[in-house]
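Below: the structure, in structure tokens.
In what follows, every chain begins at residue 1, and chains take the letters A, B, ... in the order their sequences are listed.
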There are 2 protein chains.
Amino acid sequence: MGRPQKTHRTRREKSVNTRQALREAALELIDRDNSFDGLSLREITREVGVVPTTFYRHYPDMESLGLELVDDSFRTLRELLKVARQSPVETDDRIRRSVETFVTYVRANRRHFQFLARERFGGVAAIREEIRTEVRLLQSELATDLGRFPVLNKWSTDDLNMMAGLMISAMIGIVEQVLVNRRREHDDSALIKVAEKQLRLILLGTPAWRSKPVTD
Amino acid sequence: MGRPQKTHRTRREKSVNTRQALREAALELIDRDNSFDGLSLREITREVGVVPTTFYRHYPDMESLGLELVDDSFRTLRELLKVARQSPVETDDRIRRSVETFVTYVRANRRHFQFLARERFGGVAAIREEIRTEVRLLQSELATDLGRFPVLNKWSTDDLNMMAGLMISAMIGIVEQVLVNRRREHDDSALIKVAEKQLRLILLGTPAWRSKPVTD
DNA sequence: TGTACATCAGTGAACGCGCGTTCACTGATGTAC
DNA sequence: TGTACATCAGTGAACGCGCGTTCACTGATGTAC
């Protein structure tokens with residue numbers, strides 16, 4: 001009423017909101033039941049409460065929306081990892097706390113992770129490839145990070161990548177477990193303990209590494 | 001012509017074949033492009049070369065067919081593992097050879113694994129749950145097997161399960177890599193080396209296990 | 001500040017299409033006598 | 001061995017439905033003067 005600057009932008013804001021609402025409706029519907037390529041344009045617009053043709057004002061087709069969902073999902077994940085990377089290094093229970101943070105984060109963003117898990121091998125090739133590219137990127141970043149640790153700074157790039165791949169496989173396994181139970185209040189402590197142990201077991205192997213494998 | 005016993009059964013055989021052909025067509029179409037719930041009954045019957053209504057002579061709905069595909073996929077996998085379990089124990093390069101066998105097997109049965117990978121988080125709840133149940137079963141069997149090794153026979157059931165879970169996560173990661181490259185003649189040797197190293201790294205950690213984690 | 005014009009998000013009718021499912025049918029095979 | 005009947009996999013027409021996409025439209029907001 002008395003806010004000219006705000007009402008000034010109402011129309012544009014609404015359009016931005018619709019665009020975002022379309023993505024959120026897609027996430028919601030995927031989480032609720034379907035896979036992305038079992039999802040119809042009309043379902044999405046119906047969920048948002050606009051007419052089907054409005055969809056085309058924002059995306060040329062479903063695939064574009066899907067690719068943007070991949071970007072959304074990884075953008076937030078990258079932010080988490082960036083913060084984690086900058087946090088004070090090497091407290092005693094660093095592993096435990098990292099796992100806790102990660103699991104909490106997955107639960108807070110379950111629809112994004114649900115989407116990634118479902119579409120990583122889903123029916124739309126372009127989306128699969130985009131996800132795969134991002135995961136590979138994450139893996140090589142993790143490999144670089146690992147190389148900075150004293151125990152690992154003599155390792156070859158290949159071996160660092162191998163270890164990063166194993167850690168990511170383990171974490172994907174954990175993500176899957178988190179997703180199985182959809183309740184937000186679910187007690188994840190058992191899950192966190194197992195994940196922590198798995199990472200610890202991997203790390204325990206590192207001092208002994210190359211004692212034998214280096215010969216073949 | 002001169003084989004009465006065989007022509008005797010032609011009709012029945014044909015029906016068995018159609019039933020199987022429906023499942024194979026579904027696998028083929030899923031491998032080619034779609035996810036299961038983006039797949040239509042008509043596509044499947046079209047692929048087989050029968051009229052859509054024929055489908056109902058064999059399955060009440062698509063979900064039943066999907067569940068049978070899960071059974072098919074795990075039945076063959078179980079057979080592989082059974083053979084592996086009975087094979088002569090403890091040769092020096094046991095890990096390497098197990099990984100080789102496994103990767104070769106995944107390639108030979110890629111459509112089944114493609115199906116499992118795609119539907120493990122796919123849009124059909126009943127199928128997801130069936131797959132999850134089977135994987136959990138596999139994990140507990142592996143945990144039992146692990147407990148028979150000298151290094152591990154003092155481990156708690158929880159810890160054996162933790163380790164089995166980690167190994168399965170690693171192998172699922174490997175399966176995914178195999179599936180990315182669809183060519184049957186693809187050279188998997190690099191992949192096999194990485195998988196072997198990952199398992200070796202896990203095993204290297206086992207002697208040191210419990211030196212510290214047991215206290216918390 | 002006021003007016004005239006451009007932009008563009010959202011509308012609603014309409015289209016042709018492939019879908020799952022029903023139904024009554026056909027005709028080959030299996031079974032009883 | 002021959003005949004009469006039951007079974008049942010596969011057929012083909014028909015149905016109503018939700019789909020993606022087109023089109024000309026409306027009307028609020030932003031911009032130029």
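Residue A:Ser40 is classed as a sugar-phosphate contact, given heavy-atom separations below 4.0 Å to backbone atoms only. Note on A:Phe55: nothing from the nucleic acid sits closer than 4.0 angstrom, heavy atoms only.
Distance from the side chain of B:Pro52 is smallest for C:dT21 among the nucleotides D:dG10, C:dT21, C:dT22. Considering only side-chain atoms of A:Thr53, the nucleotide from C:dA13, C:dA14, C:dC19 that sits closest is C:dA13. For A:Glu43, the side-chain atoms get nearest to D:dC19 when compared with the rest of D:dG12, D:dC19, C:dT21. Among C:dG20, D:dG10, D:dG20, the nucleotide with an atom closest to any side-chain atom of B:Thr54 is D:dG10.
Atom OH of B:Tyr56 and atom C1' of D:dC8 are 18 Å apart (whole Å). One interatomic measurement links the two molecules: CD1 of A:Ile44 to P of D:dC19, which rounds to 11 Å at whole-angstrom precision. Distance OH (A:Tyr59) to P (C:dA9): 12 Å, rounded to an integer number of Å. Computed from coordinates, the B:Asp37 CG to C:dC19 P distance equals 15 Å when rounded to whole Å. Rounded to whole Å, atom C1' of D:dG12 lies 16 Å from atom CZ of B:Arg46. When rounded to the nearest whole Å, the span between CG of B:Leu65 and P of C:dG20 equals 12 Å. Rounding to whole angstrom units, CG of residue B:Leu41 and P of C:dT22 are separated by 11 Å. Distance CG (A:Leu29) to C1' (D:dG18): 15 Å, rounded to an integer number of Å.
A sub-4.0 Å separation between OP1 or OP2 of C:dC8 and a side-chain N or O of A:His58 is absent.
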Exercise. Starting from the C-alpha separation in whole Å, work towards a yes-or-no answer on side-chain hydrogen bond (donor to acceptor under 3.5 Å, both in side chains) for A:Asp158 and A:Ser156.
Key: CA-CA 5 Å; A:Asp158 271 5; A:Ser156 69; 5.6 Å; no
#### Entry: A:Phe74 vs A:Thr133, side-chain contact (heavy atoms from CB on, under 4.5 Å): CA-CA, chis, key distance, verdict
CA-CA 11 Å; A:Phe74 276 103; A:Thr133 302; over 6 Å; no
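Counting only heavy atoms from C-beta outward, the side chains of A:Thr101 and A:Val83 never approach each other to under 4.5 Å. Contact annotation: the side chain of A:Leu203 never approaches that of A:Arg200 to less than 4.5 Å [non-hydrogen atoms, C-beta and beyond]. In this structure, A:Arg120 and A:Ile172 have side chains that are in contact, with non-hydrogen atoms separated by less than 4.5 Å.
Where A:Leu39 and B:Val50 each meet DNA chain D at their nearest nucleotide, the meeting point lying more 5' is that of B:Val50. Mapping A:Arg42 and B:Arg42 onto DNA chain C by nearest heavy atom places A:Arg42 at the nucleotide closer to the 5' end.
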Dot-bracket assigned to DNA chain D with the 3.5 Å Watson-Crick/G-U criterion, [ ] for crossing and | for other-strand pairs, is .||||||||||||||||||||||||||||||||
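Between the side chain of A:Arg57 and the base of C:dG10 there is at least one donor-acceptor pair of N/O atoms closer than 3.5 Å.
Cation-pi contact between A:Arg42 and A:Phe55: absent, since separation from the ring centre below 6.0 Å together with deviation from the ring axis within 45° is not met. Cation-pi geometry between B:Arg107 and B:Phe113 is not met at under 6.0 angstrom from the ring centre and within 45 degrees of the axis.
When atom types are taken as modelled, the side chain of B:Gln198 and the backbone of A:Met162 share a donor-acceptor pair closer than 3.5 angstrom.
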